[in-house]
Amino acid sequence: MSETSFPMPRAVGAVNWVGFQTLVRKEVRRFLKVWVQTIAAPVVTTLLFYAVFALALGGVVRTVGGVPYMEFLAPGLIMMAITQNAFANASSSMLVSKVQGNIVDVLMPPLSATELTLAYVLGGLIRGLLVGVVTWAAIALVVPLPVLHPGYILFHAVAAATLLALLGLIGGIWADKFDHMAAVTNFVVTPLAFLSGTFYSIESVPPTFHFLAHLNPFFYFIDGFRYGFIGLTDGTLGTGILVMLGANLVLGFAAWRMIAKGYKLKA
Amino acid sequence: MPDPTTLPAGAFRPEIDRRIPAFHLPGFQALLRRELMRVWKMAAMVVVAPAVMAMIYFTCFHFGLGAERGTDTGERVLDFLVPGLVMLSVLLRAAENTSFSLLYAKIEGMVNDQLMAPVGAREVVPAYALSGMLSGLASGTAVWLGSLLLWPMPVAHPLAALLFAAGAALMMGLAGVLAGMVSLKWDHMSAFFTFVFVPVSFLSGLFAPVSAMPPAFAAIVQANPIFYAIDGFRWALLGSSQQDPAVSALVVAGTGAVFLALCLRLYAQGWRMRG
């Protein structure tokens with residue numbers, strides 16, 4: 001009597017590693033497939049900003065806190081590229097899945113809310129860091145950047161990308177159509193990113209702006225990240241680290257809760 | 001003669017003159033109306049987003065470079081910047097409007113509606129270009145009003161400013177029609193913007209006078225038609241410029257005419273539109 005073998009369900013332990021890895025791989029492949037738009041385009045745009053500011057300075061050697069302006073500017077631009085892409089990846093992946101209906105392929109498998117949240121965030125994080133590294137390499141060809149505190153660079157890059165990926169994920173879950181997402185990008189993320197001290201030292205602006213900048217999480221990302229490269233800070237490194245850790249925890253919990261409840265995901 | 005009310009819809013009725021004149025005005029009007037309604041529906045994105053973006057750029061330059069800095073040619077740097085930012089918004093919005101509309105129609109398949117209707121290149125191309133122009137002007141006006149809030153400045157030659165903005169918007173609207181015709185997928189169009197339109201618009205003496213640039217770079221900038229569009233517009237706003245405004249007007253008109261001829265020819269051939 002020959003035994004008939006049926007495929008048996010795979011036992012899923014406390015963590016569904018296979019499912020988690022698959023989803024992360026899907027998220028990474030999703031943006032790598034269109035790398036011209038997701039990696040090359042942001043790098044070109046960032047370099048364009050860099051070139052424009054170099055030209056606008058017209059060869060005048062200007063310094064901020066004793067550092068040449070071009071060295072002051074570079075870390076901020078890299079950080080802007082990292083955060084904007086981490087946000088764009090998580091939000092567009094979630095929203096496209098919802099609009100096209102293939103979100104069911106993610107919701108039906110035995111993946112927990114924690115695994116889903118982490119996988120989406122990891123996708124955004126990887127894209128953000130990839131864009132950041134390429135931009136850095138391109139800028140380093142023109143203006144060699146010192147690396148004074150690698151730990152700060154790594155921490156701020158990862159924490160900021162995670163924060164924006166979480167924000168993107170929440171935005172993607174909340175938005176019903178592309179207009180909503182475009183509004184969040186145009187009216188929230190981009191202004192916060194630009195008015196953060198990327199282009200100027202926060203010490204040199206009027207008091208109102210100075211105060212507002214300290215309410216802007218991007219200010220802390222860029223300040224700490226810049227400190228890692230050139231050792232220049234507007235003096236709030238400790239607060240910055242606490243703000244970033246706190247914001248990550250709060251947003252992480254919010255995203256997890258939305259997915260666990262199926263808010264705007266499950267009918 | 002049979003009673004028209006008893007005839008089925010679309011029946012042959014010889015008493016109606018269906019000959020189409022050289023320029024099919026109703027067709028042109030219908031298409032223009034459709035395009036403008038599209039712009040109207042997206043008004044928030046067309047007008048508000050560029051104005052916000054321009055004010056952000058403005059703030060960054062204000063603090064990043066210092067408001068009282070002068071350029072080599074003597075204007076204050078922010079005076080120099082306003083015309084550039086207004087024009088940047090006009091140009092990119094005009095190109096975006098036409099290319100997006102055309103490609104969207106191609107991808108969704110509704111381009112058939114305009115290919116089958118009795119309108120040809122001479123009606124379709126102007127309709128697209130005009131809607132692109134109006135949309136560009138709307139967004140430019142928003143940016144200009146926004147800049148007045150932060151940095152009030154007079155306009156030296158208002159009529160010339162309007163004409164330069166309109167001419168440049170037509171030029172870029174036609175370039176957008178070309179981009180829309182070339183593209184078959186969204187990837188193509190976004191590549192067009194990232195690697196052609198945006199770099200060409202930014203590297204145009206928008207932020208700094210050519211006299212301050214290295215010679216090789218200045219030569220590239222002076223070969224860029226957008227440089228002339230911006231410089232002419234800057235003359236109209238500030239009353240001073242690097243080029244003779246007549247030269248700028250000629251370059252913009254000439255480039256626009258070349259784009260128009262290309263668009264008419266390619267659209268008439270049905271290149272990447274039919275089949």
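Applying the side chain to side chain donor-acceptor pair (under 3.5 Å) rule to Ser201(A) yields the partners Asp234(A); only residues at least two apart in sequence or on another chain are considered.
Across every non-hydrogen atom of Pro191(A) and Val52(B), the tightest pair is CG-CG1, 4.4 Å.
Among residues 80-105 of chain A, no residue has any heavy atom closer than 4.5 Å to a heavy atom of chain B. Residues of residues 139-147 of chain A never come within less than 4.5 angstrom of chain B, heavy atom to heavy atom. Taking non-hydrogen atoms and a 4.5 Å limit, the residue list of residues 186-203 of chain B in contact with chain A, ordered by number, reads Asp187(B), Ser190(B), Thr194(B), Phe195(B), Val198(B), Pro199(B), Phe202(B), Leu203(B).
Using a 4.5 Å cut-off on side-chain heavy atoms (C-beta onward), Phe187(A) and Val48(B) make contact.
Within a 6.0 Å sphere centred on NZ of Lys264(A), heavy atoms belonging to other residues, nucleotides or ligands number more than 12. For CH2 of Trp235(B), the number of neighbouring non-hydrogen atoms (other residues, nucleotides, ligands) closer than 6.0 Å is greater than 12. Atom CE of Met37(B) is surrounded by 12 or fewer heavy atoms from other residues, nucleotides or ligands within 6.0 Å. No more than 12 heavy atoms of other residues, nucleotides or ligands lie within 6.0 Å of CH2 in Trp40(B), so this atom counts as exposed by the packing criterion.
Taken to the nearest 0.5 Å, the OH atom of Tyr200(A) stands 6.5 Å off from the OG1 atom of Thr59(B).
Interface residue Val36(A): backbone and side-chain heavy atoms are both found under 4.5 Å from chain B.
Ring geometry for Tyr57(B) against Phe49(A) counts as tilted: the plane angle lies between 30° and 60°, on a 0 to 90° scale.
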